[in-house]
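Hydrogens, waters and symmetry mates play no part in the numbers below; they use all other heavy atoms, side chains included. Every chain is numbered from 1, with letters handed out A, B, ... down the list of sequences.
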2 protein chains.
Amino acid sequence: MTTIYDIAKKANVSAMTVSKVINNTGSISLKTKARIKRVMEELNYVPNQMARGLVLQQTRQLFLLITDINNPFYTTLSRGAEDAAKEKGYRLSFGNSDENIEKEGEYLEIILGNRVAGVLFSPAGDQSVSHLETLQRHKVPFVLLDREVPGIESDAVIGDSREGARRIVEHFIENGHRHIALINGSPGISSARLRHQGYIEAHKLNDLPVQESYHLAFGYGSQTDLSGIMTWLNSLNPRPTAIMAGNNVLGVEVIRAIRDSGLRVPEDISVACFDDLGPFSQISPFLTVVTQQAYEFGYLGTQLLIERIEKKDENRPFRRINLPVELVPRKSVARLGTST
Amino acid sequence: MTTIYDIAKKANVSAMTVSKVINNTGSISLKTKARIKRVMEELNYVPNQMARGLVLQQTRQLFLLITDINNPFYTTLSRGAEDAAKEKGYRLSFGNSDENIEKEGEYLEIILGNRVAGVLFSPAGDQSVSHLETLQRHKVPFVLLDREVPGIESDAVIGDSREGARRIVEHFIENGHRHIALINGSPGISSARLRHQGYIEAHKLNDLPVQESYHLAFGYGSQTDLSGIMTWLNSLNPRPTAIMAGNNVLGVEVIRAIRDSGLRVPEDISVACFDDLGPFSQISPFLTVVTQQAYEFGYLGTQLLIERIEKKDENRPFRRINLPVELVPRKSVARLGTST
DNA sequence: TTGTACGCGTTATCAT
DNA sequence: ATGATAACGCGTACAA
């Protein structure tokens, strides 16, 4: 691999002069500058970022950790982060924890080992607290995305989960539903908790009883075990006429389970969920959803992160951006007769 | 940041001894080993990968470059690559070129600058040839994924695009269609070329004329310009009864365009495309597709790459894995009366 | 079993 | 305008 010394030798200058050309620092005559540049081209020179990072004691490298690369919410978020990073001259690497605390820990090693400048962190859950404390100990700036973690103070971009859940439930209620179940992510995830709270609040606000058995904490990730959902569904008495799913993955799973049980959506059971299904939901706009501004999560989060990195003030107050939600009614919710 | 020297001092040994503990090399008494490990824990020590890479002159870092992070084909592929890399003890970073040759070039700088061990490369198109030649010049091993590039010899994992296209067209024909249009990616992308060829071959095999105007090269990426598709559609005479789309993104776009024109799918125009819509296509299985084994692209490609990295034999013959396709008939293709 | 000297590729500092 | 030197954190080769 060609080094700065190869360039220096071939251009009859010292390595230092080459370095100055690379970084546009100091002053060099236009003539030698041009000569050095030519040699660099010739030798296909690319500065070694490892050596650079070593001596500079800093990198312009950001890391984005998401929990599910198959979820359009996170891929769209990633695009936002990518764009913001690029605008500010930072590089972005991605990692995918798969909602799994151990995988998250592995990425933590990468993050720490490579001395990245900052992390966009969507935690797998409350257990991520130790990982985040580790980041704090190492003074690695981070921004929490989509989920918060008790005990951790930080910059964050968070959606209005509680409000979104309320909207879904009230949408059901407006359509005549009284028996509304909730299949949700793990209670160890802040957004799942808030969605559960919103679900309960909407019931209370509308003088509807909350039935404990109507709530299933299933997990946000893709799972193949439909039978768990079906067992739950069949155990419910009376059978709910509507189900709210804590996210898009669950929305799809629950629809599959309903259909596998020989029932129809929405004729027998209505369904609505959090987060849209991505660019492809348009072709058969079926599932009623609460959408979030996924791109903004990434874009704004990256801006917060970079600002914190650049004014390295330990006491800079944490900032929190709240992003609104929007209900998109489609076809998976049926209107029940007022006689019900 | 704590270094190996901090550990050494606190444990009353030399830095070298610490290094040996970290890498499990040489021999050290169990006592000092335990002591050193304890100190490392205490100080939250994480080895600096930059320093390590510098002296070792190698990293166990792989890079996956995909062309569209919003496309489920590539996210599924990514999961495969991730799993394979992990099994072999490599780390994987991702980059997203967005079908854009310039963004691809930016990631090339990252790849080169960070001296990654190898690259899983899904090229934006034939123009990527210069980027691949650069990798070759720098002796960075790579595996081509999904697309090949004229003039580049390398390991590769490629799908049977030609066969897939044939299947789609024949599926149309079996359903009574005679006027079949093709909206495709850029002809500068190998898979698009092959799909076009398959489209033509299927016509010839079935004694159907190929009408030049029925072919639109639109681009694989997400574009918002539906009007181009609509203009094209309206210009066709006779109006095709079926349209094959070169990938899933185009499949969705063309359906939107058809509907925006006031026509219905499949009653007025049938549609089928390459690549499935991801985990969510199940809830309303509408679009007829040819699916590919996306996960295997990533998984097998990573295996090829790691094998090449590990037996660093310049003359190792290139290997090419061909992955089959499968037609999944759904509801977006109508059966035409035999009277037609 | 443990430690010393050196080099990996780069840049900051200071001198020329 | 240009260059010599040291330092970043770590591992190899060799010596003790």
Would you say that [X] contacts [Y] through its side chain, given a criterion of any heavy-atom pair below 4.5 Å between the two side chains?
X	Y	answer
Thr302(A)	Lys88(A)	no
Tyr299(B)	Val157(B)	no
Val21(A)	Val13(A)	no
Phe121(B)	Leu132(B)	yes
Arg35(A)	Thr32(A)	yes

Rounded to the nearest angstrom, tell me the gap between atom [atom1] in [X] and atom [atom2] in [N].
X	N	atom1	atom2	result
Tyr5(A)	dT10(C)	OH	P	9 Å
Gln57(A)	dA12(C)	CD	P	12 Å
Met16(B)	dG7(C)	CE	P	16 Å
Leu56(B)	dC8(C)	CG	C1'	10 Å
Ile4(A)	dG9(C)	CD1	P	11 Å
Gln58(B)	dG9(C)	CD	C1'	17 Å

Phosphate contact (dG9(C) OP1 or OP2) by Arg52(A) side-chain N/O below 4.0 Å: no

Expected list for residues 134-145 of chain A: side-chain donor-acceptor pairs under 3.5 angstrom, two or more places apart:
{"residue": "Thr134(A)", "atom": "OG1", "partner": "Ser130(A)", "partner atom": "O", "Å": "2.8"}
{"residue": "Thr134(A)", "atom": "OG1", "partner": "Arg137(A)", "partner atom": "NH2", "Å": "3.2"}
{"residue": "Arg137(A)", "atom": "NE", "partner": "Asn44(B)", "partner atom": "OD1", "Å": "3.1"}
{"residue": "Arg137(A)", "atom": "NH2", "partner": "Asn44(B)", "partner atom": "OD1", "Å": "3.4"}
{"residue": "His138(A)", "atom": "NE2", "partner": "Asn44(B)", "partner atom": "O", "Å": "3.2"}

| said: Mind checking if Ser27(B) touches a base, just sugar-phosphate, or nothing, with heavy atoms under 4.0 Å? | reply: base

If you look at every strand shown and take non-hydrogen atoms under 4.0 Å, does Ser29(B) touch a base, only sugar-phosphate, or nothing?
sugar-phosphate

Check whether the side chains of Gln49(A) and Thr59(A) place a donor and an acceptor atom closer than 3.5 Å, and report yes or no.
no

Passes side chain to side chain contact (heavy atoms under 4.5 Å, CB included), Tyr74(A) versus Asp146(A)? Steps please.
-> CA-CA 10 Å; Tyr74(A) 288 110; Asp146(A) 182 46; 2.9 Å; yes

Pick out the pairs of N or O atoms, protein on one side and nucleotides 14-16 of chain C on the other, that lie under 3.5 Å.
none

Between its two end axes (five pairs each) the helix from dT1(C)-dA16(D) to dT16(C)-dA1(D) turns, nearest 10 degrees, through 40°

Under 3.5 Å: donor-acceptor pair, side chain of Ser19(B), backbone of Ala15(B): no

At a 4.0 Å cut-off to heavy atoms of chain A, the contacted part of DNA chain D spans dA1(D) to dG9(D)

Ordered by number, residues from residues 31-49 of chain A within less than 4.0 Å of DNA chain D (heavy atoms) are Thr32(A)

So, with a heavy-atom separation below 4.0 Å from DNA chain D, the residues of residues 6-14 of chain A are Val13(A), Ser14(A)

Which atom pairs, one a donor and one an acceptor, fall under 3.5 Å between side chains of residues 1-12 of chain A and the rest of the protein, sequence neighbours left out?
{"residue": "Thr3(A)", "atom": "OG1", "partner": "Tyr5(A)", "partner atom": "N", "Å": "3.0"}
{"residue": "Asp6(A)", "atom": "OD2", "partner": "Thr3(A)", "partner atom": "N", "Å": "2.7"}
{"residue": "Lys10(A)", "atom": "NZ", "partner": "Glu42(A)", "partner atom": "OE2", "Å": "3.3"}

Residues passing the ring pair (Phe, Tyr, Trp, His ring centres under 6.0 Å) test with Tyr45(B), sequence neighbours excluded, are none

Phe94(B) meets the ring pair (Phe, Tyr, Trp, His ring centres under 6.0 Å) criterion, sequence neighbours left out, with none

Glu307(B) meets the salt bridge (Lys or Arg N to Asp or Glu O under 4.0 Å) criterion, sequence neighbours left out, with Arg316(B), Arg319(B)

With sequence neighbours left out, the residues meeting side-chain hydrogen bond (donor to acceptor under 3.5 Å, both in side chains) with Arg79(B) are Asp98(A), Glu82(B), Asp83(B)

Residues at least two apart in sequence or cross-chain that pass side-chain hydrogen bond (donor to acceptor under 3.5 Å, both in side chains) with Asn114(A), listed by chain then number, are none

inquiry  = Taking the basic N atoms (NZ, or NE/NH1/NH2) and the acidic carboxylate oxygens, is any pair closer than 4.0 Å for Lys86(A) and Glu106(B)?
reply    = yes

